[in-house]
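Computed over heavy atoms, backbone and side chain alike; hydrogens, waters and symmetry mates excluded. Note that this is a predicted model, so its numbers are computed, not measured.
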Amino acid sequence: MNTKKIIFTDKAPAPIGPYNQAVLIGNTLYTSGQIALDPVTMELVLDDIETETQQVMENMKAVLAAADMTFEHVVKTTIFIMDMGNFARINSVYGRYFDEQTAPARETVQVAGLPKGVNVEISMVAVK
């Protein structure tokens with residue numbers, strides 16, 4: 001039986017509720033959604049949508065690294081955005097973190113609201 005292992009790194013924002021940054025079951029990692037919180041200051045990085053998305057992806061990179069994984073291990077992502085009009089700009093930053101040939105499956109959903117009023121939140125599933 002696979003045991004549940006909690007993944008935590010101080011290089012990504014600490015959880016601000018009853019959840020963990022990620023949970024590893026066997027070889028599969030399930031991440032919580034990341035928003036653009038600076039892990040050092042816990043302040044939001046909302047300069048523009050590109051900078052916000054980059055902070056989200058860097059937070060996710062840190063969570064993956066804490067589980068000894070990289071974006072190459074990601075098999076599925078979910079992107080929640082406030083405004084579908086920002087999709088191309090978010091996608092441009094997101095795309096820099098993946099090889100297009102081996103990019104994960106993904107859905108992008110426009111939502112009515114996100115934590116702390118951010119514009120984008122991303123979660124991932126990775127397998128090693």
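No donor-acceptor distance shorter than 3.5 angstrom exists from the side chain of Asn86 to the backbone of Arg89, with no hydrogens or angles considered. Between the side chain of Glu52 and the backbone N or O of Ala36, no donor-acceptor pair lies under 3.5 Å. In this structure, the side chain of Thr108 does not engage the main chain of Ile79 through any donor-acceptor pair within 3.5 Å. A donor-acceptor pair under 3.5 Å links the side-chain atoms of Asn59 to the main chain of Leu37, judged by distance alone. No donor-acceptor distance shorter than 3.5 angstrom exists from the side chain of Thr9 to the backbone of Val63, with no hydrogens or angles considered. A distance-only check finds a donor-acceptor pair linking the side chain of Lys128 to the backbone of Asp68 [under 3.5 Å]. At least one donor-acceptor pair under 3.5 Å links the side chain of Asp38 to the backbone N or O of Thr41. With hydrogens and angles disregarded, no donor-acceptor distance shorter than 3.5 Å links the side chain of Gln21 to the backbone of Pro15.
Taking both residues in full, the closest heavy atoms of Ala126 and Leu64 are given as CB-CD2, 3.9 Å, listed atom of the first, atom of the second, then distance. Taking both residues in full, the closest heavy atoms of Leu24 and Met69 are given as CD1-CE, 3.9 Å, listed atom of the first, atom of the second, then distance. In terms of heavy atoms, Leu114 sits closest to Phe80 at CD1-O, 3.6 Å. Closest approach of Pro39 and Lys11 over heavy atoms only: CG-O, 3.3 Å.
Within a 6.0 Å sphere centred on NZ of Lys76, heavy atoms belonging to other residues, nucleotides or ligands number more than 12.
With rounding to the nearest 0.5 Å, the separation of OG1 in Thr53 from CD1 in Ile90 is 4.5 Å. One distance of note links OG of Ser32 with CE of Met60; it measures 8.0 Å at 0.5 Å rounding. Remark: Ile49 CD1 to Asp83 CG distance equals 8.5 Å, nearest 0.5 Å. In this structure, OG1 on Thr51 lies 12.0 Å from CD on Glu58, to the nearest 0.5 angstrom. Separating the CD1 atom in Ile25 from the NZ atom in Lys5 is a distance of 11.5 Å, to the nearest 0.5 Å. Atom NE2 in His73 sits 10.5 Å away from atom CG in Leu29 (nearest 0.5 Å).
By the 6.0 Å and 45° rule, Arg106 does not stack over the aromatic ring of Phe98.
Here the side chains of Glu50 and Ser92 are not in contact, with every heavy-atom distance at 4.5 Å or above. You'll find the side chain of Met124 reaches within 4.5 Å of the side chain of Phe71, heavy atoms only. At least one side-chain heavy atom of Thr77 sits less than 4.5 Å from a side-chain heavy atom of Tyr94.
Cluster annotation: Ile7 and Met57 are assigned to the same hydrophobic cluster (Ile/Leu/Val/Met/Phe/Trp/Tyr, side-chain heavy-atom contacts under 4.5 Å, transitive). Taking hydrophobic clusters as Ile, Leu, Val, Met, Phe, Trp and Tyr residues chained together by side-chain heavy-atom distances below 4.5 Å, Ile16 shares a cluster with Leu44. Val40 is not connected to Phe8 by any chain of hydrophobic side-chain contacts under 4.5 Å among Ile, Leu, Val, Met, Phe, Trp and Tyr, and they are in different clusters. Hydrophobic clustering, with ILVMFWY side chains joined whenever heavy atoms are under 4.5 angstrom apart, groups Met82 together with Ile35.
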Discussion item. Before you tell me yes or no, could you show the steps for Ile122 and Thr78 under side-chain contact (heavy atoms from CB on, under 4.5 Å), namely the whole-Å CA-CA distance, both residues' side-chain angles and the distance that decides it to 0.1 Å?
Written reply: CA-CA 6 Å; Ile122 300 174; Thr78 303; over 6 Å; no

